[in-house]
Amino acid sequence: MAALEDDDVLDEEHLNAVIQFPADVQEAIDQVLPSNEPLDKPDFNAVDYINTLFPTEQSLSNIDDVVSRIRHKIRSLDDDIRTVVRGQTNVSEDGRHALEEAQKAIQQLFARIKDIKDKAEKSEEMVKEITRDIKQLDHAKRHLTSSITTLNHLHMLVGGVDTLQSLSRRRQYGEVANLLQGVLNVLEHFQKYMSIPQIRQLADNVKQIQVELGTQILADFEEAFQSKYGPTNQAQLAEACLVVNVLDPKVKRDLLNWFIQLQLKEYLELFGETQDVAWLDKIDRRYAWIKRTLVEFEEKFGRLFPAEWEVSERICVEFCEITRRELGKIMAKRAEEIEVKLLLFAIQRTMAFEQLLTKRFTGVTILGEAVLKSPPTSVAATPTNPFENYHPGNPFVEGAELESPQESVDPRPAAVKPAPSPFIGIISKCFEAHLNIYIASQDRNLAELVDRFVNDFRRTGIPRVESEEVSNVLPSCADLFVYYKKCMVQCSQLSTGLPMLEMTRCFQKYLKEYAVKLLLSNLPIKKSSENSSSNVSLLPLYKRMSSQGSGITSASGLIQSILKEGEVTKFTESDQRLVCGILCTAEYCLETTQQLEDKLKEKVDPALAPKIELGQEMDMFHSVISNCIQLLVQDLEGACEPPLTAMSKLQWQNVESVGDQSNYVTAVISHLKQNLPYIRDNLASSRKYFTQFCHKFANSFIPKFINSLYKCKPISTVGAEQLLLDTHSLKTVLLDLPSLGSQVPRKAPASYTKIVVKGMTKAEMILKVIMSPHDPPQGYVENYIKLLVDRDINEFQKVLEMKGLKRNEQSTLLDIFRTKIPSQGQHGGSSDHHHSGPTGFAAPLEALVDHESSRIRKLEKLIKKRL
């Protein structure tokens, strides 16, 4: 231990003061100097280390050896540190010497580079001296070549101008055409030398020659065509046309204008305003004349003009412009003489001629060469409305057959729609101002057509539905819309502007006429005792409304006003078939009117499409459908009223036992089974409206049945049981009403089942309340509130009257009911019925409910057994 004190061993506090490096630094040290020595660990603890060396007292005997080893290790570390420090000193000296050596090498390299650069500059100067003469020769050669070329062009220009003057005087146009184009090409090379007087004079001479050639060629043409036998020098004139192609474009325009006017001079004289053949009835002669003229032109002068001039097309276009202008003038002066047949004749002939021009000519002279050469902007025929696909029953679908000789429409939409020809409408647009005559004629035709439909209906009536293939839709409605399509197509061919709007108004007028005269007027609204069916005409009322300016916007008000005038009695099968047929016809008209509107919007100009609206007409047909359904419902209800009246007159307090269903129920069910299948068969093509009819009947019949129940008073408990059995029988039949008597049973719609269950359940609950004893009063009121959601005190009083209670008993129960209504509203429904109240009637109420449930179960078993 004395030895340890002599070696200045660190105390425990100094040993613990070990330098702590950051984690990343320590990690780097471990990677560079990996060591397993405990002394090198960052968490080295001297005390732990000593305890490791001397774990026991006996091990202290080796302390001298341990100290000796540690001292040896310390000396070794000191030597290593000393060597490293000295080595770093030597490295610094070596680095300084290396830097000096590098600087000397850089200086030597810079000196060598500078020497090389000086030698390169001297070499460049030497090369320039050597090649100076060569560059001068090269520039001289280039300038000499340009000068020789310019002199050659000048020689060609001077010689060409002299030759052109000579050839022009001798009218050798074939050679002039080739030479003139060459001279113009050569003259382009001298544009930058126009400041030189001689060059400018040559250019002026060329322009003068061009002007003289244009004047000379026009004079030659005029002189050649003065002869009655025509030009004899056509070859020379054809060469002259080649010269015209090189001259100013104005020369070509002047020549063509003169020639076209010459060809059409005879036409202007023959078909002047004062001539008989100028009127519309002889419009064929105009087109025959131009056809003949074009044939003669092709035969005589077809080779005179270049093909790219399209002289035939130009003559035809000018003819069309003159014809449209002249027809417009003469029709304006003699407008009162235009009849619809004459107008249509002229339009048809004109459109046929325009179609011929479309096939014969390209329209390049109208559209221009740039437009014609551009790729055609064709649009794939993707249907834009749901009625494009073929459907044989829809007249507004592409592909529907129409017997119209005037209609020229593709039977099916093409895969690619080409751009319209510029010849379509080039003449016929002059008739647009007089299409009001055509519209008025179609108005008269439609009026006659509707009257014929009315007469045919009176004679034939509604077709019978004998199979699924036969429809009870009136054939006249399909004929009407087919005629509408003919008019629409024809009018769109004549004009897609304002006349289409006028035609649409005409369509609207006769859709209303058809709805009133053929549908509303023939509804079997009122019947007399003498005749089985005597229809009330709605036409006078319709005319009265129209004369007052109110129009027909709602068929519902019209029907209801007539319904109030007379008593509705039972319909016969023919009446039911009539109402169903009118309903199906109105449905067809409703759907087809929508398609008509879509097609009209397609045909008319896009700017006018928003003005086409057939919403009022569709509303009218929809109103006809609603009123047909209402008539059927009223008829079915009317036949059910006598049995319900008989039910209310029975002495229900005298019923002693529950038997089969009552006679009034049998009568109602028999009536439903007799009429529903017939109505359903006649509405086979309008299944959705048959379902709507069932909905409306259920919504109307069930409240009437409940009102009849309220009239049955007083009712004994047994009487209530009989009524409950009757109610269940009616409920069963009503749930099966949509498929009643059908060979193919169908599940009733959920919405219809909900209506029946809700309404008839209320009737059953009323009867269950009547069957329950009214003592104790508190429990009876709570039972009523629990079974019936209706909290109206008047309804409660009706139930008390049906039960046959005395006035004082009713008064007591009504007082309790009044006190219960606020509490029910306060506590939220009937949730408080299950809790005992302050009156202590909870237990009797539960016993009452159990007793009532057992009676109801027995009654239901009896009902099932009876059925």
task: Rounded to the nearest 0.5 Å, what's the gap from OG1 on T812 to CD on Q810? Could you check?
output: 10.0 Å

- request: Write down the atom of N682, the atom of C584, and the distance for their closest heavy-atom approach.
  value: O-SG, 3.7 Å

statement: Between F705 and A763 the two heavy atoms that sit nearest each other are CE2-CB, 4.0 Å

- line: Interatomic distance, CG@L730 vs CG@L735, rounded to 0.5 Å, equals 11.0 Å

Any C580 side-chain heavy atom under 4.5 Å of I679 side chain: yes

- line: d(M760 CE, L734 CG) to nearest 0.5 Å is 5.5 Å

task: Work out which heavy atom in L614 is nearest to a heavy atom in E597; give both atom names and the distance.
output: N-OE1, 3.0 Å

query: What pair of heavy atoms forms the shortest contact from L578 to P524, and how long is it?
result: CD2-CD, 3.7 Å

- prompt: With distance as the sole criterion, is a donor-acceptor pair present between the side chains of D479 and S476 under 3.5 Å?
  reply: no

- prompt: If you take all heavy atoms of C640 and F701, which pair is closest and at what distance?
  reply: CB-CE1, 3.9 Å

message: Is there a side chain to side chain donor-acceptor pair (under 3.5 Å) between E801 and Y710? Walk through the geometry before answering.
response: CA-CA 8 Å; E801 292 175 355; Y710 285 137; over 6 Å; no

query: Does some side-chain heavy atom of E795 sit less than 4.5 Å from a side-chain heavy atom of Y784?
result: yes

- line: CG of L631 to CG of L636, rounded to nearest 0.5 Å, is 12.5 Å

task: Apply the side-chain hydrogen bond (donor to acceptor under 3.5 Å, both in side chains) test between Q661 and each candidate in T666, T727, D726; give the one that qualifies.
output: T666

message: Can you confirm whether H622 is buried at NE2, in the sense that more than 12 heavy atoms of other residues, nucleotides or ligands lie under 6.0 Å from that atom?
response: no

message: Less than 4.5 Å apart, side chain to side chain, heavy atoms only: is that true for N675 and F571?
response: no

- request: Grab the two heavy atoms, one from I582 and one from V624, that are nearest each other, plus how far apart they are.
  value: CG2-CG1, 4.0 Å

- prompt: If you measure from CG on L518 to OG1 on T585, what distance do you get to the nearest 0.5 Å?
  reply: 8.0 Å

field: Between NZ on residue K711 and CH2 on residue W652, distance to nearest 0.5 Å
entry: 15.0 Å

